[in-house]
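Heads up: the structure comes next, in structure tokens.
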Amino acid sequence: MRVLKIIGFSLVCAALLFLFAMIEDLMKYLFSLGALYIGIQFFKRNEERGPRIAFVLTTILFYFIYTVFYAVYLAATGQGIPA
């Protein structure tokens with residue numbers, strides 16, 4: 001159950017960070033605050049060091065996975081990858 005909680009929090013946090021990186025509007029900062037809020041909630045619920053490290057590492061991993069899939073999607077649709 002603990003692993004599913006870590007993966008769930010990481011997926012949501014990575015998605016918010018991905019949206020923060022992709023959006024060019026002022027609204028992007030709401031996604032950053034959302035990711036910060038999710039991180040704070042996770043750290044409040046888990047006092048041990050192991051789950052916290054796992055959360056950070058899996059969030060980074062999922063962020064890169066989202067970015068790669070988005071780049072593949074843009075290349076497949078012929079839209080080109082933004083700079």
Side-chain angles (χ1 to χ4, degrees):
M1 196 66 181
R2 177 183 272 180
V3 173
L4 292 176
K5 187 170 32 169
I6 291 171
I7 291 173
F9 273 96
S10 293
L11 281 171
V12 173
C13 191
L16 290 171
L17 289 173
F18 172 74
L19 290 172
F20 170 75
M22 292 297 137
I23 293 179
E24 300 281 332
D25 198 2
L26 185 62
M27 196 167 138
K28 74 188 265 180
Y29 297 109
L30 291 176
F31 295 114
S32 173
L33 289 175
L36 180 65
Y37 179 75
I38 295 293
I40 289 172
Q41 290 302 314
F42 183 83
F43 273 53
K44 273 186 187 177
R45 296 176 187 189
N46 296 294
E47 298 291 330
E48 300 89 23
R49 189 180 312 159
R52 289 179 175 189
I53 292 171
F55 169 72
V56 171
L57 293 179
T58 54
T59 299
I60 293 169
L61 176 71
F62 286 139
Y63 170 75
F64 285 128
I65 290 172
Y66 286 150
T67 305
V68 168
F69 282 159
Y70 184 64
V72 169
Y73 168 76
L74 287 179
T77 57
Q79 295 177 8
I81 299 173

| Could you give the distance from CD1 (I23) to CZ (F18), rounded to the nearest 0.5 Å? | 9.0 Å
| request: Would you mind reporting whether R52 and E48 have side-chain heavy atoms less than 4.5 Å apart? | output: no
| query | Hydrophobic cluster mates of I40, side-chain heavy atoms under 4.5 angstrom, ILVMFWY only, any path? | reply | L36
| Within 6.0 angstrom of F69 CZ, more than 12 heavy atoms from elsewhere | no
| remark: Apart from M1 itself, members of its ILVMFWY cluster (side-chain separation under 4.5 Å) are none
| Do L4 and V12 share a hydrophobic cluster, counting only Ile, Leu, Val, Met, Phe, Trp and Tyr and linking them when any side-chain heavy atoms are less than 4.5 Å apart? | no
| said: The criterion is side-chain hydrogen bond (donor to acceptor under 3.5 Å, both in side chains); which residues satisfy it with T59, sequence neighbours excluded? | reply: S10
| query | Quick one: do I65 and F20 end up in the same hydrophobic cluster if we chain Ile, Leu, Val, Met, Phe, Trp and Tyr together by side-chain heavy atoms under 4.5 Å apart? | reply | yes
| Looking at CG of L16 and CG of L11, how far apart are the two atoms once the value is rounded to the nearest 0.5 Å? | 11.0 Å
| query | Apart from I53 itself, which Ile, Leu, Val, Met, Phe, Trp or Tyr residues share its cluster (side-chain heavy atoms under 4.5 Å, direct or through members)? | reply | L57
| request: Flag yes if I7 and I38 sit in one hydrophobic cluster, no otherwise; membership is Ile, Leu, Val, Met, Phe, Trp, Tyr, and two members link when side-chain heavy atoms are under 4.5 Å apart. | output: yes
| Are M27 and L33 grouped together when hydrophobic residues (ILVMFWY) are joined by side-chain heavy atoms under 4.5 angstrom apart? | no
| field | For F31, all residues meeting ring pair (Phe, Tyr, Trp, His ring centres under 6.0 Å), sequence neighbours excluded | value | none
| message | Give me the atom names and distance for the closest heavy-atom approach of A14 to F62. | response | CB-CB, 3.6 Å
| said: Determine whether V56 and F43 satisfy the following criterion, side chain to side chain contact (heavy atoms under 4.5 Å, CB included), listing intermediate values before the conclusion. | reply: CA-CA 10 Å; V56 171; F43 273 53; 4.3 Å; yes
| Atom pair CG (L30) and CG (L19), whose distance is rounded to the nearest 0.5 Å | 11.5 Å
| task | Using ring pair (Phe, Tyr, Trp, His ring centres under 6.0 Å) as the criterion, list what pairs up with F9, not counting sequence neighbours. | result | F42
| query | How far does OH of Y66 sit from CG of L61, to the nearest 0.5 angstrom? | reply | 10.5 Å
| Nearest atoms (heavy-atom pairs only) where A35 meets C13 | O-SG, 3.7 Å
| field | Stepwise side chain to side chain contact (heavy atoms under 4.5 Å, CB included) test for M22 and K28 | value | CA-CA 8 Å; M22 292 297 137; K28 74 188 265 180; over 6 Å; no
